[in-house]
Each structure stands twice: as structure tokens, then as C-alpha cells.
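Shown next, in C-alpha cells, is the structure this report addresses.
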Amino acid sequence: MKRNIKEIVEAMTLEEKAGLCSGGDFWHTKEVKRLGIPKIMLSDGPHGLRKQEEEGDHLGVNESIEAVCFPAACATASSFDVELMEEMGKTLGNECQAEGVDILLGPAVNIKRSPLCGRNFEYMSEDPYLTGEMAAAYIKGVQSKHIGTSMKHFAANNQEYQRMVCSSEVDEQTLREIYFPAFEIAVKKAQPKTIMCSYNKINGEYASDNEWLLNKVLRDDWGFEGFVVTDWGAVNNRVQGLSAGLDLEMPSSGGVNDERIVDAVKKGTLDEKKLDQAVERILKTVFECADHRDKEAVFDRALDHEKAVDIETECAVLLENNGVLPLNENKKVAYIGGFAKNPRYQGGGSSHIHSSKESSALESAKNKNRNITYAKGFTEIEDVIDEKEVQLAVDIAKEADVAVVFAGLPEVIEGEGYDRKDMKLPECQNHLINEIIKVQPNTVVVLHNGSPVECPWANQVAAILELYLGGEGVGEACDRILWGEANPCGRLAETFPLKLEDNPSYLYFKGDGKKVKYQEGIFVGYRYYDTKKQQVRWPFGHGLSYTKFSYHNLRVSKKQMQDDDVINVFVDVKNIGQRTGKEVVQLYISDRTTSFGRPMKELKGFKKIELKPEEEKTLEFQITARDLSYFNEAMKDWYAASGTYGILIGHSSRDICLEEEILFETKRLLPMTIDGTTTLGELMNDPRTAPVLGQIMAQAFGASEENSNAGLESDDATARATMNAMPLKSLASFAAMPENVYENMLLTLQDVVKSK
Ligand code: BGC
């Protein structure tokens, strides 16, 4: 239905407008009956519906409807499969339609800065590009069903400790390169209907009050068209927030903040236009949702459960395998560990789904009459070593051909609202694994966790399968992979360091509760480990298959690139094994110019393809100047220096198979400040000042212009280095330059720079 929203806003009273900017109850906006404005429902999210019909809460405590729990983002990101993500989004969108939910609170796209963040299970990756692409696909899928999404939590919310008050202290380059791009990519590609701002402060200012964040970056720079909603209860100063671009407060402040808005408008401290703008944005989405309700939609829980199984099958990551997997039907296999029976497949808190069905690996194996035995070994909920249980497990492991230990993190260790204390598995599990490997060389470990764990036994086991928090179908998916009905094809969306202390944020993570400094800057995840050449347990992008792939024939459409060029990159990939399988081909860019402080490589493309044995396909990627760029704070923009860039194609960040170089040339010039600290080297290397340098040197030393650069171009390395590093203030004193000559020199150079 076509509506004139501006006219509706004009017809609203000040009180009605202020009222529309906060929730009517825990999950709904307000309706204004006299103007035909309906209310809409928002619900968590992200990997299933947590629709609460009665008492609402944001902690996952009260009842929600029976729904389907899909794999959490830690798992789905590992699929590296944008089509799969979009399909999952469509399924969720359809469920929302059937249940009368208008906005699904997801995806959650905060970057995994540290393995300790309690909510990592709900987040996707340490890499912003992967996160952004996967988030965009999810949003497209959900929104294709006319259901809004709420991408969260904007921004720099990378820990749970003091999440409601702590200030994330991050420089702009790091925000723009690491913590923002997932939001930026998804806004530009998929326009989520809403964005949820985070609880925390950013550099001292609450996200919900932050004009720079909500209006400048989100709207002016990226073109966000939807409305901004608070995280539940995240308002700090309602009037300032409204003016800063925060549209909807959820759930509500019982009318207190609505009154503040009304007062501020009446007193003239808040421009009513700002309020109108917020109301317009909210109404646009309210009507879009209300006008597209699909009364025919059906939530088929059984069907969607099967989808959850299929999705998890594409997400699980085979980390190690000496050939023991897939399991052989004729072999006797001992299933060990509480998680075999009660898998941990989702996290606690606001994303907690009331699943209508669950599947365990044990039950799935029994249903298929597999030749297995079972012993608990340890309980999945606490860290208690029970030697009797251990012995029973050791006994069945000894008797079997293969032992599979189902390990993982209990919910008390990771969840919303609290961070992990270390990166370890519970001691009872490490103890059990160590006992099992003493008697059974064919030991497989299956992991259920939302974030990396230290695996001190990794080199002593025969295989390791990472399931992450794989949703309610995790048991069936696990069964398919273990027994070879499916070929594993997930890849790590995050690095597994050997130990927590290796993580770049280790010294700064958590902060003092008031502030947390992001001192590692842009060196997050593999950007740090690979640049530092730090040994890791498993690198970003890693994952094995039951088949093998080879890469050939990397070629680029051109080797010289300018600012507006697009370069096409082609590579042939072949399945050289015996089984059909899927490969994730990754493209990284490596800055080989002299730019300072850049990571060794950054992911700028990935594609997942299925290949039959002997089948070969050509993949194509595109590269633009932005892919080569870093965020230059002086320029307040993205910038790539002229010079050489490597294009790396690989299977993981540490397994680069092919490499090409391109030469980039930019016409853009970095801002240049001329003062006493400017060095002769800088002047010589800048196209604006290089032509006048001879003249300056001649003035300084009284030499002829031709000879004046002699020092800078000398064959003597020491002389050259000394001259290059010479600041103008020192040049002036060496040359005994009178004050006015020195001032003139600076002015001439400043004019030259200004005029270009
Ligand atoms: C969480 C959000 C969630 C909201 C509503 C908050 O505590 O941080 O992610 O969507 O509650 O449940």
C-alpha cells in the first residue's frame, strides 16, 4: 500500500511522535490507532526464533515458543558459504512470517578480538570481510521474506565484561579496518532494516549517544537507510541520543524518556525535525513489515529441523585426520563423553532457542544401527574427574577399533554476560582424552564449543572434528561426517592459537571495567599471527576434506592498476581425490609497498565450490583499489600507496598455493604538513615537493641547483641516509640559515603543497 509517511508524521501530536520512539512492551513498538499505525514485533535472533508470548526478558530466562535452533554464527561462518547463509536467512524469514515476528534481532557481527569473549559463539569471525559477506547474505535472505533484520551490536562490543558501561578505546584506523567493515559491507550490500547500537562506550561516548557513529559513519559515509534501535536498555541520554541518530529505544523506559523528548522539543533544546526524522524512519519499516504480512506462511518445524542438520553438515570443520575418518562400517567404535548424548549446540542468553527437537550423535548412530559402544567418561555440565567413569571409558576404548571422544565447553564457561577465564577445556576432559590415547591410537576428538580451545593433545590423536555450537541438528550432522555420508567442508573463520597468551589482545583484553584499550590495533587474528610469524594450532581458513584439491593457473586481467581499475583474477581448481567435495578458495592481498604497519595479508575474496573427482572449475574474483587500501587517518579516507601488491590464492591463510603481483599507481596524494620536522627524504619522495627540492637546497647551501641534491642521491649509503633523515630545522642550523630565509623556505614549500 502506498502511503505518504511525511503526512502521517505531520498529523501526529508531539506526544505520539515521542511515544513512537520507544517500545510499547518488551518486544513491540507502539501503535497509534487513530492514524492506523500498527505495532510491530521484534524478537531474538539470530539463529532461530526466541519469540516470547508471555513474560519478556533479554536473558533467555522466560519461556519462548518452540522453534528450530539453527547452528550459531560461530558455526555458520565456518561454512564460508554465502548461498547457504542466504538460504538460512530465508528459512528464518519464513518462520518469522508464520509467527508474526516482524524484525529478527540479528545477525550479530562483532569481531572476535579474543577467544575469551563470552559471546563469541554468536559472532562470526576474526575477519571483517568474511563477517560482512556472511552477514549481508543472512540479511538478504531474511529480508527477502519482508522481515526486517537488526544487525548488532554497533560497535566495538567485543567482550561481555562490563559491556554496559565499559569504553572501548580504539583508534579510528582500527575501527574502520577491523571493527566497522562487517557493518559497512552489509549496509552497502543488503541494507538491514535496522541496526542495533551496543551498550558500551566508544572512546568515552556511549554508542547510543554517538553522533559520529550513528549519523556520520553509518548514514553519511555508508548510506544506511533504516532505523537505529538500542540494545535492550542501552539508552544513556535519550535526548542526546535522538539527536545523534538513535531512533527507537527498546524495550522502553515506561514513558520517562518519551517525556524528556517532549520537554526538550518544547524548551527548544531538541529540534523537532530530528524527532520527525526518527519517526519517519521507524514508520517506513513499520509499514513495510505490516503491509507484507504473509498469512499463508507455515512454520514447519520438522522440515526446518532437517535444514538445520543440512546447514551444520556444511559448517563442521575437520581439523586433523590421519585417515581414521571417515569411520568404517565394519569397525567397532567407542563413543565417549557426555556430549555424545547431550551435545552442547547453542549458547546461553538472549539467543537461547526453545528447540522443538534435538539430535545427539549417540542417538543418531543408534538409529542407523552403527557398531558402537558408549561410556560417559565425564559429565558435560561440570569439571569433575570421576575415575570410575574414566576407567569405564578406557575399557570400552581399549576394546574398540576406534574411540571418539565428544568434548566441549559447558555453558557455565561461555555465555552472554560473562567472558571466559582461560582458553582451556575442563580439566576432566583433557584428563580423559589423555587416558584414552594411552590405550587407543585411533582416537578421534569431536569438539562442541563457541570459541577456540587449547588442544594440548592435538598431535597425539588421529582426528579432530570441530562442530562449534551446531544447532539442534548437530548430532545427525556429526554422524553423517564421522561415518562418511557427508564430506566435511567447513573452514575456520578464526585462528586457533596454541595458547591464550599468543593472542594479540592478551595483555589488554577486558580492561579495568571502565576502559578497555585495543592496543593491538589492526593486528587482530591472522593479521597478527601471520605478520608476526607466530606458530598457531590451526590457521584461519583451515579445514580438511575427505578429498584433495589442486590449484593452477592463477592469472590476472592486467598487471598494472590505477585508482578506478578493476582487476579480474582467475584460478583453476581441481578435485584430485576420490570423492565429491567442496573447497573454499581464499584470496588474500599482501601490501608490498613501503606503507607502514600493514598486515602481511588480508582476506579480500572467498568462494566455495563443489567438485566431483577429476572435475576442474575456473573461479573469478575482482579486485578494486579499496581492496588494497588501508584507512589513512590524516586523509580520513581509504588509501593505497603506489607500489607492488601480492595476490595470494590459498586454502588457508597459512597454505598459500599460488601468487601473482600487480603494480598499483595512484594519483591521490596524502596530506602533507610542512614544518621544521619535515625531512629531506619526505620532500624528495613526494611528487609535490621533489621538483622544488633542488632550489631549496641551493638556497640553503649556496650550491648550484644541479649539485644541490648531491647528498640525497649520493652513492655513499651513510651520507644518503643522513641527508634523507635530515629535518628542515636541522638543515637550517647546519646551513646557518637566517631566520627569514628559513621561514621563507617553509612558506614556499607550504605553498607548493597547497597548490597541488
Ligand atoms: C542482547 C541483544 C538482544 C537483546 C534482546 C540484549 O541483552 O545484547 O543481543 O537482542 O538483549 O534480547
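Start at 1 and go down the list; that is how both ligands and their atoms are numbered. Below, all heavy atoms of this structure are taken into account, side chains as well, without hydrogens, waters or symmetry copies.
No side-chain heavy atom of Val412 sits under 4.5 Å from any side-chain heavy atom of Glu382. Residues His153 and Tyr123 have side chains in contact (heavy-atom distance under 4.5 Å, counting atoms from C-beta outward).
Residue contacts with ligand 1: Glu122 is placed with no nitrogen or oxygen under 3.5 Å of a nitrogen or oxygen of the ligand (distance criterion only). In terms of polar-atom proximity, Arg163 is counted as a contact of ligand 1, with an N or O under 3.5 Å from an N or O of the ligand.
Contacts between Trp27 and ligand 1 below 4.0 angstrom, taking non-hydrogen atoms only, involve the side chain exclusively. Of the heavy atoms in Arg119, only side-chain atoms (C-beta onward) come closer than 4.0 Å to ligand 1. Counting heavy atoms closer than 4.0 Å to ligand 1, residue Met164 contributes nothing at all.
Looking only at heavy atoms of the protein, atom 12 (O) of ligand 1 is closest to Asp44 OD2, 2.5 Å. Protein heavy atom at the shortest distance from atom 4 (C) of ligand 1 is Asp231 OD1, 3.5 Å. The protein heavy-atom contact nearest to atom 11 (O) of ligand 1 is His58 CB, 3.2 Å.
A salt bridge links Arg344 to Glu414: one of the charged nitrogens lies within less than 4.0 Å of a carboxylate oxygen. Using a 4.0 Å cut-off between charged side-chain N and carboxylate O, Lys510 and Asp419 make no salt bridge.
The six-membered or imidazole ring of Phe523 lies away from that of Tyr528, with a centre-to-centre distance of 6.0 Å or more. If you look at Trp222 and Phe183, their ring centroids are not closer than 6.0 Å.
Residue contacts with ligand 1: Glu416 is included, with a non-hydrogen atom under 4.0 Å away.
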